[in-house]
Visitor: 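My questions will all concern the structure given below.
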Amino acid sequence: MIRFDRVTKRYDGGTVAVDDLTLEAPTGRITVLVGPSGCGKTTMLRMVNRMITPTSGTISIDGRDTATLDVAELRRSIGYVIQHAGLFPHRTVVDNVATVPRLLGVDRRTARSRAMDLIERVGLEPSLARRYPAQLSGGQQQRVGVARALAADPPVMLMDEPFSAVDPVVREQLQNEFLRLQAELGKTILFVTHDIDEAIKLGDQVAVLRVGGILAQLDSPARLLADPADDFVAEFVGRDRGYRALAFEAAPELTLGTEPTTRLGATGEEVRALGQSWVLCLGADGEPIGWVRAEAVTTTLDPTLLHRGGTVARADGSLRALLDAALSSPSGRGVVADRDGRFLGTVLASEVVPAIEARRDEKGVPAP
Ligand code: ADP
Ligand code: MG
């Protein structure tokens with residue numbers, strides 16, 4: 001556990017970057033620090049590995065005051081990932097990842113073979129290991145940055161906006177890989193972002209900070225959305241928070257509607273014989289691939305005729321995914337699939353909404 005106990009940082013010139021912060025980041029969990037630019041997030045992280053010295057207060061890791069530890073030893077126990085990866089430009093990917101173990105005296109062969117393992121674990125092709133950082137995309141560089149931080153197998157990771165500089169599609173992949181990796185590794189992580197959606201997706205708990213380094217609320221993502229502590233937090237967690245909170249509610253067991261389905265290659269007559277204006281098309285493994293308007297199939301059903309706008313909810317997914325499937329479906333019938341992606345049946349928004357209301361009645365008033 002990382003514990004901030006009444007920590008304040010006042011820079012020369014008088015800026016108070018962190019103001020009387022008390023916060024615990026539990027072992028094996030992801031604690032996200034989120035807030036607008038300049039609210040002291042980077043300062044908080046860098047005080048943990050002593051790149052910045054607090055003006056007052058103490059930071060301890062597993063009960064040991066970091067100020068009393070040997071700095072080199074402290075930093076070895078902490079992996080640090082920053083926005084632009086901060087890779088050594090004149091070292092290959094594998095040598096970047098092997099840097100810290102080599103410094104710790106691990107022999108070259110062992111360090112490199114471990115580095116290759118890590119390169120694969122963070123989702124990079126082994127063939128990239130010989131490249132130099134400039135020969136990688138931004139997303140690939142960030143993965144190398146994560147692999148390098150993990151190389152000495154530190155119990156603690158500090159991550160300062162590691163996914164902020166890449167495009168939204170790559171960012172989502174990096175987030176998903178990161179969650180998968182953390183499920184295996186169980187590191188104690190302080191993760192900084194200015195993006196509330198990222199905070200809510202990644203955090204086991206989320207600390208919302210306001211400018212001046214003041215902790216506005218520390219809570220689980222679900223509670224943050226359901227019960228913001230004040231107007232600042234409410235504004236910061238943003239609009240659509242009622243809808244977004246549904247992501248933390250498991251889908252109820254609804255009786256799904258049966259749906260006539262078709263396949264690619266079906267004739268117009270076959271499709272129209274199903275008697276629906278919108279017909280769901282399934283792929284070879286029974287997975288939904290899109291809706292087709294029956295009257296549009298003049299000869300046979302080919303992929304260009306499919307509408308792919310509807311999302312697919314998993315029966316064991318969230319209420320949000322279920323409602324979104326219904327709302328996004330051109331037929332109004334939301335598509336539900338099993339764990340393996342095979343089509344199960346459909347659901348209407350008018351069936352999901354009562355389930356949402358029933359859930360609220362069950363829970364009653366949110367606990368303080
Ligand atoms: P964030 O990471 O949330 O954007 P920072 O921790 O970088 O915030 O900065 C918090 C505040 O401290 C800002 O007002 C910033 O200008 C100020 N600050 C950061 N570093 C220094 C420094 N070395 N000297 C003086 N002020 C600083
Ligand atoms: Mg910062």
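No hydrogens, no waters, no symmetry mates; every other heavy atom, side chains included, goes into these values. Order of listing sets the numbers, starting from 1, for every ligand and every atom in it.
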Visitor: With a 4.0 Å cut-off on N to O distance, would you call E249 and R359 a salt bridge?
Guide: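 So E249 pairs with R359 through a salt bridge.
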
Visitor: Are any of the heavy atoms in S37 under 4.0 Å away from ligand 1?
Guide: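 Checking ligand 1 against S37, which is what was asked, there is a heavy-atom contact under 4.0 Å.
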
Visitor: Testing I200, L224, V206 for side-chain contact (heavy atoms from CB on, under 4.5 Å) with V34, which one passes?
Guide: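 It is V206, the one option of I200, L224, V206 that forms the side-chain contact (heavy atoms from CB on, under 4.5 Å) with V34.
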
Visitor: Compute the shortest N/O to N/O distance between D12 and ligand 1 and return yes if it is under 3.5 Å, no if not.
Guide: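 No; every N/O pair is 3.5 Å or more apart.
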
Visitor: I need the nearest protein heavy-atom contact for atom 4 (O) of ligand 1: residue, atom name and distance, please.
Guide: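 Result: G38 N, 2.7 Å.
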
Visitor: Using a cut-off of strictly less than 2.8 Å, determine whether T42 has an N/O/S atom near the Mg ion (ligand 2).
Guide: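 Looking at T42, which is the residue asked about, there is an N, O or S atom under 2.8 Å from the Mg ion (ligand 2).
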
Visitor: Quick check on side-chain contact (heavy atoms from CB on, under 4.5 Å): which of T55, I52, T53 does M47 satisfy it with?
Guide: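 Of all the options given, the one that passes is I52.
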
Visitor: Starting from atom 8 (O) of ligand 1, what is the nearest protein heavy atom, named by residue and atom, and what distance separates them?
Guide: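 Looking at atom 8 (O) of ligand 1, the protein heavy atom closest to it is G40 N, 3.2 Å.
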
Visitor: Determine whether more than 12 heavy atoms belonging to other residues, nucleotides or ligands lie under 6.0 Å from atom CG of D70.
Guide: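 Yes, CG of D70 has more than 12 neighbouring heavy atoms, counting only those of other groups under 6.0 Å.
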
Visitor: Between R241 (side chain) and A234 (backbone), is there a donor-acceptor pair under 3.5 Å?
Guide: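 Side chain of R241 to backbone of A234, a donor-acceptor pair under 3.5 Å: yes, one is there.
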
Visitor: Is atom 26 (N) of ligand 1 less than 4.0 angstrom from some protein heavy atom?
Guide: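 It does: a protein heavy atom is found less than 4.0 Å away from atom 26 (N) of ligand 1.
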
Visitor: For atom 15 (C) of ligand 1, what is the nearest protein heavy atom, given as residue, atom name and distance?
Guide: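 Going by distance alone, atom 15 (C) of ligand 1 is nearest to T15 CG2, 4.8 Å.
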
Visitor: Got the closest protein heavy atom to atom 7 (O) of ligand 1, with its distance?
Guide: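 So the nearest neighbour among protein heavy atoms is T42 CB, 3.8 Å.
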
Visitor: Does a salt bridge link R244 with D240, judged by any charged N lying under 4.0 Å from a carboxylate O?
Guide: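 So R244 does not pair with D240 through a salt bridge.
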
Visitor: So if I count the atoms of ligand 1 from 1 in the order they appear, which ones are less than 4.0 Å from some heavy atom of T43?
Guide: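 Selected atoms, number and element: 5 (P), 6 (O), 9 (O).
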
Visitor: Just to confirm my output: which protein heavy-atom neighbour is closest to atom 23 (N) of ligand 1, and how far is it?
Guide: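 Nearest neighbour among protein heavy atoms for atom 23 (N) of ligand 1, to 0.1 Å: Y11 CE2, 3.7 Å.
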
Visitor: Check for me, please, whether M159 and L118 land in the same ILVMFWY cluster - side-chain distances under 4.5 Å, paths through other members count.
Guide: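 Same hydrophobic cluster.
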
Visitor: Distance under 4.0 Å to a non-hydrogen atom of A17: what atoms of ligand 1 satisfy this?
Guide: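 It comes down to these atoms of ligand 1: 10 (C), 11 (C), 12 (O).
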
